Amino acid sequence: MLQSKTFKQKVLEVVSKIPKGKALSYKEVAKRAGSPKAFRAVGNILNKNYDSKIPCHRVIRSDGKAGGYNRGIKAKIKKLKEEKVL
DNA sequence: CGTATGACGTGCA
DNA sequence: GTGCACGCCATAC
């Protein structure tokens, strides 16, 4: 089954694979997940499946803005600054 | 199965 | 340059 992992699982895995000090945009993550146009679902999935192992704070918009964060958008920006990603 | 929602992106006024 | 509206994909209910 090619779809043993749903888009959701792929996105979570890709995000969890983001190296430290690096940030990928929703579009990039969606592309790596298998659907470059599903950046919409990426945000939706992360929002419902945020895990401590998933540096969702490293996923930002193409505008260079953070976008949102289940723990507080401010915390996300702060973390990005701490990682020198921003 | 169909509907509603969402942490986006792009285009146009 | 800013603001508004539409469209897109996947998930959850």
Side-chain angles (χ1 to χ4, degrees):
Chain A
M1 307 285 204
L2 297 164
Q3 304 203 332
S4 321
K5 291 180 218 215
T6 43
F7 188 77
K8 186 178 92 143
Q9 288 289 295
K10 290 186 190 174
V11 171
L12 294 171
E13 193 175 294
V14 172
V15 175
S16 70
K17 278 174 185 161
I18 297 176
K20 185 174 130 227
K22 179 90 177 198
L24 295 175
S25 61
Y26 293 95
K27 221 197 303 196
E28 293 291 305
V29 176
K31 190 173 179 169
R32 292 187 179 207
S35 294
K37 283 178 180 144
F39 48 84
R40 258 295 186 148
V42 175
N44 204 315
I45 290 159
L46 286 172
N47 187 10
K48 290 174 173 173
N49 286 277
Y50 65 97
D51 278 308
S52 305
K53 290 164 180 36
I54 313 281
C56 25
H57 62 263
R58 279 186 198 155
V59 186
I60 58 176
R61 286 184 51 158
S62 23
D63 297 282
K65 292 176 188 333
Y69 197 44
N70 34 41
R71 277 204 75 153
I73 181 59
K74 230 159 172 165
K76 180 171 179 177
I77 296 168
K78 191 172 182 168
K79 254 178 189 292
L80 289 168
K81 285 179 147 199
E82 293 281 278
E83 303 263 325
K84 296 280 204 5
V85 179
L86 195 59

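All chains are named by letter (A, B, ...) in the order of the sequence lines, taking the proteins before the strands, and each is independently numbered beginning at 1. Small disclaimer: the values here were computed from a predicted structure and weren't measured.
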Does this structure show an ion pair linking Lys78(A) with Glu82(A), if we count only N-O contacts that are shorter than 4.0 Å?
no
Taking Ile60(A) as the starting point, is it possible to reach Leu24(A) by hopping between hydrophobic residues whose side chains are less than 4.5 Å apart?
no
Which residues in residues 34-49 of chain A have a heavy atom closer than 4.0 Å to any atom of DNA chain B?
Phe39(A), Arg40(A), Ala41(A), Gly43(A), Asn44(A), Leu46(A), Asn47(A)
First and last nucleotide of DNA chain B in contact with chain A, 5' to 3', at under 4.0 Å to a heavy atom: what are they?
dT5(B) to dT10(B)
When rounded to the nearest 0.5 angstrom, what distance separates CG in Leu12(A) from NZ in Lys48(A)?
12.5 Å
Nearest 0.5 Å, what's the NZ-CD1 distance between Lys65(A) and Ile73(A)?
10.5 Å
Roughly how many Å is it from NZ in Lys27(A) to C1' in dG7(C), rounded to a whole number?
14 Å
At their closest point, which heavy atom of Ser16(A) faces which heavy atom of Lys53(A), and how far apart are they?
CB-O, 3.7 Å
Across the strands shown, which category fits Asp63(A) at heavy-atom distances under 4.0 angstrom: base, sugar-phosphate, nothing?
sugar-phosphate
So CG of Leu46(A) and OH of Tyr69(A): to nearest 0.5 Å the spacing works out to 10.5 Å
From NZ (Lys79(A)) to SG (Cys56(A)), nearest 0.5 Å
9.5 Å
Partners passing salt bridge (charged side-chain N to carboxylate O under 4.0 Å, His left out) against Arg32(A) (at least two apart in sequence or in another chain)
none
Could you check whether Thr6(A) gets within reach of a base, just the sugar-phosphate, or nothing at all, counting any heavy atom under 4.0 Å?
sugar-phosphate
To the nearest Å, how far apart are Leu12(A) CG and dA10(C) C1'?
12 Å
Separation of dT11(C) atom P from Lys5(A) atom NZ, nearest Å, is 15 Å
